[in-house]
2 protein chains.
Amino acid sequence: MRTVPPKSKHEILQRAIPMFAESGFKGVTMRAIAGRVGLTAASLYHHFPDKESLYLAALKQAFADRSRALGEALTAPAPPAERLRLLILRLCERMQRDSTFTRLVQREILDGDEKRLRLVAKQVFHEVFAAITALCRELAPACDSFLLSTSIIGLVVHYYQFTPIRSYLPGSRPEYDQAATVARHITTLLLNGINLKQESEFRSQDSE
Amino acid sequence: MRTVPPKSKHEILQRAIPMFAESGFKGVTMRAIAGRVGLTAASLYHHFPDKESLYLAALKQAFADRSRALGEALTAPAPPAERLRLLILRLCERMQRDSTFTRLVQREILDGDEKRLRLVAKQVFHEVFAAITALCRELAPACDSFLLSTSIIGLVVHYYQFTPIRSYLPGSRPEYDQAATVARHITTLLLNGINLKQESEFRSQDSE
DNA sequence: GTCTATAACATGATAGAC
DNA sequence: GTCTATCATGTTATAGAC
């Protein structure tokens with residue numbers, strides 16, 4: 001007997017995503033997911049061939065739903081430096097408001113075996129990462145685009161991953177929790193490096 | 001009568017550190033630690049008042065044993081840019097060869113509650129972080145030293161945390177696993193930014 | 001054909017008795 | 001130590017409801 005309308009894959013994954021983020025792959029059972037969705041464990045197997053497929057689909061969907069703004073930034077009709085600025089800003093805004101995906105990936109790095117990590121790299125990150133390296137090639141042909149891409153990602157991602165500890169470090173201030181402040185710092189650092197001649201982050205009369 | 005010499009705190013923690021890195025705070029029982037050390041669980045409580053104290057001491061010791069080279073780099077008799085270069089190189093070398101501490105911290109960020117994270121920030125990171133911000137103030141007075149410090153740490157730490165996925169991303173190459181290569185890239189990026197005006201690997205601007 | 005539930009199977013971990 | 005009972009979990013088989 002059916003009392004409720006059938007669940008779509010998207011709905012199932014939407015429920016599973018925060019569970020995997022909270023407890024990791026092994027920490028979440030098929031029965032727990034089913035319970036949260038309003039199904040039985042067996043029914044999940046109509047939508048996904050096995051637990052690992054469900055898990056990978058969850059990672060994929062979590063990333064896809066969160067990387068839309070990044071794709072827009074990367075393909076915007078603007079000079080490469082402006083696309084970089086927008087990419088970093090969107091990434092900061094996204095990570096500021098939601099740490100679910102970051103936690104998913106952190107857990108996967110800690111617990112995943114080689115085979116699954118390869119699948120994650122291929123199925124989740126490959127496309128967006130390639131787009132970022134393409135931007136880097138355009139932006140700084142003299143620089144190693146692979147290393148530069150990882151640096152851009154690392155600057156933003158680690159900043160927000162580290163937040164639970166960072167906020168208790170000496171010198172922490174409220175404005176460091178604002179995405180715009182962080183994004184501006186990172187963008188300036190990437191474009192100009194440390195050795196700013198005389199300009200502070202506030203003096204930019206020649207821009208626009 | 002005693003058949004084995006008493007264990008020092010250092011020995012106990014040395015055994016506990018990889019266990020916490022592998023399975024996190026909750027994933028390691030006092031009995032498991034005791035078994036590894038060759039003691040009973042009750043004996044551990046002679047050395048540490050509770051599990052959390054043992055855990056924090058493990059984090060502290062893991063970091064202290066691994067941050068010695070960083071302290072040397074930070075206090076070297078050299079100009080600030082050279083100290084930065086050395087700091088990054090030592091950090092890369094350390095993380096390249098041993099991911100134990102990084103995994104400890106990642107697990108702590110995922111699983112720790114606010115109170116314990118505050119203790120970690122204070123007891124583990126505070127001192128070294130303050131030394132890095134001091135270097136940043138000296139190096140780049142016009143730049144926000146707090147944000148700059150987190151960026152330096154983030155560039156290195158995230159690079160190595162991301163290794164299990166990074167190695168499967170498009171464009172990955174063997175030399176990216178060499179600490180000297182990574183350290184050089186990060187140092188150059190920090191000092192000069194993307195827009196390399198004059199650099200060793202520099203190519204003259206081609207026509208568009 | 002699509003979706004779900006009931007029941008059951010297989011394995012691995014755990015606990016307790018011997 | 002071994003054996004056994006028990007439980008949790010991924011998974012499959014089959015049948016019923018739209």
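Naming: A, B, ... by sequence-line order, numbering from 1 per chain.
The stretch residues 81-93 of chain B participates, sequence neighbours left out, in these side chain to side chain donor-acceptor pair (under 3.5 Å) pairs: B:E82-B:R85, B:R83-B:E138, B:R90-B:E93. Applying the salt bridge (Lys or Arg N to Asp or Glu O under 4.0 Å) definition to pairs two or more places apart or across chains, those involving residues 65-78 of chain A are A:D65-A:R68, A:R66-A:D98. Sorted by first and then second residue, the side chain to side chain donor-acceptor pair (under 3.5 Å) pairs with a member in residues 16-39 of chain B form an empty list; sequence neighbours excluded. The stretch residues 119-128 of chain B participates, sequence neighbours left out, in no salt bridge (Lys or Arg N to Asp or Glu O under 4.0 Å) pair at all. The stretch residues 23-42 of chain A participates, sequence neighbours left out, in these ring-ring contact (aromatic ring centres under 6.0 Å, His included) pairs: A:F25-A:Y55. The list of salt bridge (Lys or Arg N to Asp or Glu O under 4.0 Å) pairs with a residue in residues 47-60 of chain B, not counting sequence neighbours, reads B:E52-B:K115.
Checking D:dG10, C:dA5, C:dT4 against the side-chain heavy atoms of A:K51 singles out D:dG10 as nearest. In the set C:dA8, C:dT6, C:dC3, C:dA8 carries the atom at the smallest distance from any side-chain atom of A:R31. When distances are taken from the side chain of A:H46 to each of C:dT4, D:dT11, D:dA13, the shortest belongs to C:dT4. The side chain of A:A42 sits closest to C:dT6 out of C:dA5, C:dC3, C:dT6.
Within residues 21-29 of chain B, no residue places a heavy atom under 4.0 Å from DNA chain D.
At a threshold of 4.0 Å, the pair B:R107-A:D111 counts as salt-bridged, since one of the basic side-chain nitrogens sits closer than that to a carboxylate oxygen. By the 4.0 Å N-to-carboxylate-O rule, A:D177 lies close enough to A:R166 to be salt-bridged with it.
Atom-to-atom, CG of A:L44 to C1' of D:dT12 comes out at 14 Å; the value is rounded to the nearest Å. Look at CE on A:M30: it is 17 Å from P on C:dT6, rounded to the nearest Å. Atom CZ in A:F48 sits roughly 11 Å away from atom P in C:dT4 (whole-Å rounding). The distance between atom OH of A:Y45 and atom P of D:dA15, rounded to the nearest whole Å, is 21 Å.
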- Counting primed atoms, P, OP1 and OP2 as sugar-phosphate and everything else as base, the B/S/- map of nucleotides 10-15 of chain C against protein heavy atoms under 4.0 Å is ------
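Scored by the ring pair (Phe, Tyr, Trp, His ring centres under 6.0 Å) test, B:Y176 finds A:F146 as partners (sequence neighbours excluded). By the side-chain hydrogen bond (donor to acceptor under 3.5 Å, both in side chains) test, A:T102 pairs with no residue at all, sequence neighbours left out. In this structure, B:S149 has no side-chain hydrogen bond (donor to acceptor under 3.5 Å, both in side chains) partners at least two apart in sequence or on a different chain.
Comparing the local axis fitted to the first five base pairs of the helix from C:dG1-D:dC18 to C:dC18-D:dG1 with the one fitted to its last five gives a bend of 10°, rounded to 10°.
OP1 or OP2 of C:dT4 has not a single side-chain nitrogen or oxygen of A:S43 nearer than 4.0 Å.
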